[in-house]
Amino acid sequence: MKLSKFFYTTLRETPSDATMPSHIFLMRGGYIKPLSTGIYSMLPMGFRVLKKIEKLIREEMIAIEGLEVDLPIVQTADLWSESGRYTAIGEELLRFKDRNNHNMVLAMTHEEAMTDLVRYVVSSYKQLPVMLFQFKTKYRDEARARGGLIRVREFLMKDAYSFHTSQEDLDKHYDLEYKAYQNIFRKVGIEPVVVQSDTGIMGGKVAHEFMLDTPNGEDYLIICKHCGYQANREIATFKRTAHTGNADLGKEKVATPNAESIDAISKLLNVEASATAKCVFFNFNGKLITALVPGNLEVSEIKLHNLLKAKDLIPADNESIEKCGMVPGFASPIGAHDTRVIIDSGLEDATDLVMGANEKGFHFKHCTPKRDFTDYEVADIAEASEGCKCPKCGKDLSETRGIELGNIFKLGTKFSSSMGATFLTPESKSEPIIMGCYGIGVGRLMASVVENSHDDFGPIWPKSIAPFQVEVVAIAKDPELLEVADKLEKELESAGFEVLVDDREERAGVKFKDADLWGIPLRIAVGKKGLANGQVEWKPRISKDMVLVNIADVLSKVKEFYQA
RNA sequence: CGGAAUAUAGCUCAGUCUGGUAGAGCGCUUGCUUCGGGAGCAAGAGGUCGUGAGUUCGAAUCUCGCUAUUCCGACCA
């Protein structure tokens with residue numbers, strides 16, 4: 001491919017709205033072009049990378065006996081009502097009406113459509129197991145798109161769904177998917193951090209997320225460097241050490257004017273934050289939820305959400321807190337009424353705590369939940385953070401950030417039960433199909449590779465997914481140089497390599513800068529000096545320096561380069 | 001959905017406070033000179049200053065509404 005015939009653009013300056021390296025370089029290199037918030041066009045350079053990633057993923061899916069299909073993105077509301085998600089999902093699901101006034105949606109994922117397809121085809125255990133996958137555009141009406149391709153509204157996703165007759169069979173396939181994912185990410189140079197994750201509104205029991213460990217990530221991960229425990233902060237657990245003091249002291253009211261925060265109260269009374277209890281309130285189904293965690297920790301809304309099986313969990317207003325006998329800023333369950341009290345397991349055996357006296361300007365000292373609380377539940381509702389103790393080995397946990405590259409879920413029968421996707425067992429018994437689902441965001445992976453592999457000048461694409469394999473740069477418009485470049489192009493292309501030839505009338509500096517932005521693994525520069533000796537310049541994108549090689553040796557060296 | 005900011009040439013931005021005929025650099029076109037890491041000179045093309053109202057003799061500039069975009073947070077199969 002001659003650059004003079006290619007459709008491309010490069011930007012000399014960083015677009016003002018780009019902050020992450022992947023966003024900057026994908027824009028500057030002319031891979032993508034924004035059309036609206038979180039909606040991007042792919043230029044040929046970007047499309048080539050995307051297709052390479054797609055091919056690589058497809059190979060791994062086929063290797064575990066996946067069958068490729070293609071399902072619609074425009075779907076009926078009826079289909080989504082069958083699973084209950086038409087109402088369960090919020091505004092992220094884009095709804096609209098067609099000309100016949102039918103309620104329609106743009107698919108944000110394809111569990112319903114896949115389940116519908118499988119119930120149409122499958123009736124017997126003899127037809128199972130089966131795994132179907134596709135590469136398909138999804139639309140999610142994200143509240144906030146960000147970071148170039150990292151979080152977008154419209155995006156290409158590989159989504160796979162497996163269907164089984166037993167949990168054991170699902171478990172077996174799940175492991176295969178797990179390994180296939182490892183292969184995929186390693187092939188693009190990423191060593192993923194695999195964490196246990198929240199199953200959210202997907203239902204199901206077990207789920208893992210494959211994350212890229214990066215400071216630019218939007219998810220928070222809790223990892224144990226000692227034993228390997230890894231979980232998304234949303235669901236990460238940790239070992240509690242309950243605060244204990246003199247359990248014999250009776251509770252004592254003390255004046256604490258203006259000390260409405262944990263910080264203020266611990267300073268005023270000279271106690272550790274962990275020796276206090278933090279009260280957080282939510283409205284759920286018309287009732288007030290009082291959540292209590294050790295003062296040094298935060299309430300995990302996701303954990304609480306899952307515990308209550310809540311669709312909506314709304315922070316409570318002061319009025320409803322007061323109605324239940326508590327005073328915001330000085331609140332505790334002591335003396336409260338008409339509220340469901342949930343205390344974190346870290347408080348269960350705690351003694352001698354400071355907490356609100358439900359009277360403005362006063363706290364109680366020496367509180368002990370087991371003695372002073374009347375009606376309460378104990379649960380894991382505190383959010384894990386840096387320095388908490390590992391639930392497995394008890395050592396310090398660390399916190400890091402990650403970008404979610406892909407996830408795998410054991411769905412179970414959530415969709416098959418609600419949608420009537422059943423099969424007959426050998427005993428002629430009708431049972432719901434057991435399902436799993438497995439996703440990878442293709443565009444996000446493309447951006448993540450850049451996050452993971454770039455220098456100050458541009459992306460450094462792994463050989464597996466680079467837009468081209470070799471870039472031949474003719475340094476000057478000298479016809480003799482162009483002729484050599486053309487010859488190299490033909491020679492390499494006929495050997496099956498993808499070659500980009502920079503035949504523009506540009507100065508060397510411009511061509512080299514652009515080459516860096518395109519990040520092609522191998523750059524071969526044809527210059528006057530080298531040519532005099534029958535040589536060209538050989539420079540892998542990852543190395544700083546170039547070496548001279550004989551023109552006659554180029555093909556064999558390229559072959560060697562791509563075999564290594 | 002809360003908080004903040006921005007919107008002027010293809011890109012990056014100045015001009016707005018203090019109202020008076022639209023600016024720079026880069027990019028683009030043409031010519032000459034250069035030619036190994038984003039060259040120089042010269043001549044050009046290119047903008048209803050996001051949008052709608054208002055104030056004013058006069059609005060990119062002041063006022064109000066709207067829209068779009070970005071950042072922080074909430075949300076996120």
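Each chain gets a letter, A, B and so on, in the order the sequences are listed, and its residues count up from 1. Just so you know, these numbers come straight off a predicted model, no measurement behind them.
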Give the ring-plane orientation class for A:Y8 versus A:F6, where under 30° counts as parallel, over 60° as perpendicular and anything between as tilted.
-> parallel
Within the sub-3.5 Å range, which N or O atoms of nucleotides 69-71 of chain B have a protein N or O partner, and how far apart are they?
from	atom 1	to	atom 2	distance (Å)
B:U69	OP1	A:S36	OG	3.0
B:U69	OP1	A:T37	N	2.9
B:U69	OP1	A:T37	OG1	2.8
B:U69	OP2	A:T37	OG1	3.2
B:U69	O5'	A:T37	OG1	3.0
B:U70	OP2	A:T37	OG1	3.0

When rounded to the nearest Å, what value does the distance between [atom1] atoms of [N] and [M] take?
| N | M | atom1 | answer |
| --- | --- | --- | --- |
| B:C57 | B:U21 | C1' | 15 Å |
| B:A43 | B:U48 | C1' | 28 Å |
| B:A4 | B:A9 | C1' | 28 Å |
| B:A60 | B:G27 | P | 30 Å |
| B:C49 | B:C62 | C1' | 16 Å |
| B:A14 | B:U56 | C1' | 26 Å |
| B:G44 | B:U51 | P | 29 Å |
| B:A59 | B:A53 | C1' | 13 Å |

Residues which pass side-chain hydrogen bond (donor to acceptor under 3.5 Å, both in side chains) with A:Q196, listed by chain and number, not counting sequence neighbours = none
side-chain hydrogen bond (donor to acceptor under 3.5 Å, both in side chains) against A:E209, all qualifying residues, sequence neighbours excluded | A:N232
Just checking, any donor-acceptor pair under 3.5 angstrom between side chains of A:Y174 and A:H208?
-> yes
Salt bridge (Lys or Arg N to Asp or Glu O under 4.0 Å) with A:E54: which residues, sequence neighbours excluded?
-> A:K51, A:R58
For A:E506, enumerate each residue passing the salt bridge (Lys or Arg N to Asp or Glu O under 4.0 Å) test, keeping only those at least two apart in sequence or located in another chain.
-> none
Tell me which donor-acceptor pairs under 3.5 Å the side chains of residues 34-43 of chain A have, and how far apart each pair is, sequence neighbours excluded?
from	atom 1	to	atom 2	distance (Å)
A:S36	OG	A:R153	NH2	3.3
A:Y40	OH	A:H23	NE2	3.4

Taking only residues two or more places apart in sequence, or in another chain, which ones meet [X] in a ring pair (Phe, Tyr, Trp, His ring centres under 6.0 Å)?
| X | result |
| --- | --- |
| A:F457 | none |
| A:Y86 | none |
| A:H454 | A:F25 |

Length of the [atom1]-[atom2] vector between [X] and [N], whole Å:
| X | N | atom1 | atom2 | answer |
| --- | --- | --- | --- | --- |
| A:K33 | B:C11 | NZ | C1' | 13 Å |
| A:D219 | B:A74 | CG | P | 12 Å |
| A:I39 | B:A68 | CD1 | P | 12 Å |
| A:D545 | B:G36 | CG | P | 19 Å |

Give me the residues of residues 524-536 of chain A where at least one heavy atom lies under 4.0 Å from an atom of RNA chain B, by number, or none.
-> A:G527, A:K528, A:K529
So the ring pair (Phe, Tyr, Trp, His ring centres under 6.0 Å) pairs with at least one residue in residues 138-164 of chain A (sequence neighbours excluded) are A:H164-A:H173
Just to be sure I understand the rule, does [X] reach a base, reach only the sugar-phosphate, or reach nothing, if contact means heavy atoms closer than 4.0 Å?
| X | answer |
| --- | --- |
| A:P34 | nothing |
| A:L481 | nothing |
| A:E505 | nothing |

Nucleotide by nucleotide, 5' to 3', does protein get under 4.0 Å of the base (B), only the sugar-phosphate (S), or neither (-) in nucleotides 22-35 of chain B, counting heavy atoms?
-> ---BSS------BS
Donor/acceptor link under 3.5 angstrom from A:R523 side chain onto base of B:G37 | yes
Walk me through it: do A:R28 and A:E13 pass the test salt bridge (Lys or Arg N to Asp or Glu O under 4.0 Å)?
-> CA-CA 7 Å; A:R28 286 193 53 206; A:E13 287 170 276; over 6 Å; no
Let me know, please, whether A:Y220 or A:I302 comes out on the 5' side of the other along RNA chain B by nearest nucleotide.
-> A:Y220
Closer to the 5' end of RNA chain B via nearest nucleotide, is it A:D516 or A:E91?
-> A:E91
